[in-house]
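Remarks on the structure that follows.
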Amino acid sequence: MAGVDRRGSAGRSQYGRTENRRTYAYVDGTAVRKIAAVPERQPQKRHTTRTSSATKRNRERALAMNLGYVLFLTAAAIVTVFMCVNYLQLQAKGTRLQREVTALETQLDAAILENDAEYNRIITGVDMDHVKDVAMNQLGMVHAKKSQIVTYESQNGDYVRQYAEIPAE
């Protein structure tokens, strides 16, 4: 805060009028001193209620830890730590298994691609006209007649196995 310069050397303070042998000063500018300071507020004291000795004893008993309570807390802490360790182990196992599944899926995709490529290579290398020529001319095979074709319905699969001769109708 700016104080009042009574010597007049700073030029900011000027002496005003005189009444009853007192000189009153005023300050030009924004720095004005406080005329009367407000005293600081003191915190009010709370009204405390008296508690009975029985209440105090009950509170002390409630805060005290006996052997049974300590044993219970120890058992609870041990169970909690065991559960946390078990949870962390299961989570690590799950992560490891997920990595293994990902690696196996990658191997499966690579094997499928390799099999498809090999199948395409084999199919393109087979001349079906040559196979038909060898089958008919060298091996004596002929096309089946309509009377030789027997149709069966399979109820549980994509193919039928023949265990015995097919009876003639």
Side-chain angles (χ1 to χ4, degrees), residues 1-2 29-32 34 37-169:
M1 285 189 212
T30 58
V32 178
K34 289 185 180 179
V38 178
E40 289 186 26
R41 245 182 148 179
Q42 295 186 2
Q44 295 178 349
K45 293 182 182 179
R46 281 195 246 157
H47 180 68
T48 58
T49 58
R50 299 183 133 247
T51 55
S52 67
S53 61
T55 305
K56 287 180 184 178
R57 272 184 283 149
N58 285 341
R59 287 181 184 169
E60 287 175 5
R61 229 182 281 148
L63 293 175
M65 294 196 305
N66 58 14
L67 181 64
Y69 188 63
V70 170
L71 290 176
F72 169 74
L73 287 180
T74 304
I78 289 171
V79 168
T80 303
V81 168
F82 175 75
M83 295 294 284
C84 289
V85 168
N86 193 23
Y87 175 75
L88 290 175
Q89 287 176 345
L90 288 175
Q91 194 145 16
K93 184 178 180 181
T95 303
R96 182 178 46 83
L97 290 175
Q98 185 63 33
R99 285 186 191 140
E100 287 180 19
V101 166
T102 304
L104 291 174
E105 285 176 347
T106 304
Q107 288 177 356
L108 177 64
D109 290 340
I112 288 173
L113 288 174
E114 184 180 335
N115 286 344
D116 289 346
E118 189 66 22
Y119 176 78
N120 289 335
R121 186 188 65 77
I122 290 171
I123 291 299
T124 57
V126 173
D127 182 17
M128 293 307 284
D129 290 332
H130 177 67
V131 170
K132 183 178 177 183
D133 182 48
V134 168
M136 293 178 99
N137 296 330
Q138 292 179 7
L139 300 176
M141 297 175 89
V142 294
H143 285 287
K145 298 176 187 168
K146 290 262 188 194
S147 63
Q148 294 175 325
I149 298 174
V150 179
T151 305
Y152 289 95
E153 289 187 23
S154 175
Q155 297 162 351
N156 59 355
D158 295 338
Y159 60 93
V160 176
R161 289 190 181 178
Q162 180 179 346
Y163 294 108
E165 287 295 320
I166 299 174
E169 290 184 40

Open item on the list: Please report the interatomic distance CG(Asn137) to NZ(Lys132), rounded to the nearest 0.5 Å.
Closed with: 10.5 Å
Open item on the list: Please check: side-chain N/O of Asn120 versus main-chain N/O of Asp116, any donor-acceptor pairing under 3.5 Å?
Closed with: yes
- [ ] Kindly compute the distance separating CG (Leu104) from CG (Asp109), expressed to the nearest 0.5 Å.
- [x] 11.0 Å
Task: Partners passing salt bridge (Lys or Arg N to Asp or Glu O under 4.0 Å) against Arg121 (at least two apart in sequence or in another chain) - done: Glu118
- [ ] Please indicate whether Glu114 has more than 12 foreign heavy atoms, meaning atoms of other residues, nucleotides or ligands, lying under 6.0 Å from its CD.
- [x] no
- [ ] Using a 4.5 Å cut-off on heavy atoms from C-beta on, say whether the side chain of Tyr119 contacts that of Ile123.
- [x] yes
- [ ] Supply the atom-to-atom distance Asn58 CG to Ser53 OG, rounded to the nearest 0.5 angstrom.
- [x] 9.5 Å
- [ ] Mark yes when over 12 heavy atoms from residues, nucleotides or ligands other than Met136 sit less than 6.0 Å from its CE; otherwise mark no.
- [x] yes
Task: Separation of Glu105 CD from Ile112 CD1 (nearest 0.5 Å) - done: 10.5 Å
Open item on the list: With side chain to side chain donor-acceptor pair (under 3.5 Å) as the rule and sequence neighbours excluded, what pairs involving residues 89-99 come up?
Closed with: Tyr87-Gln91, Arg96-Glu100
Open item on the list: What I'd like to find out is whether the side chain of Asp133 reaches to under 4.5 Å of the side chain of Asp129, using heavy atoms alone.
Closed with: no
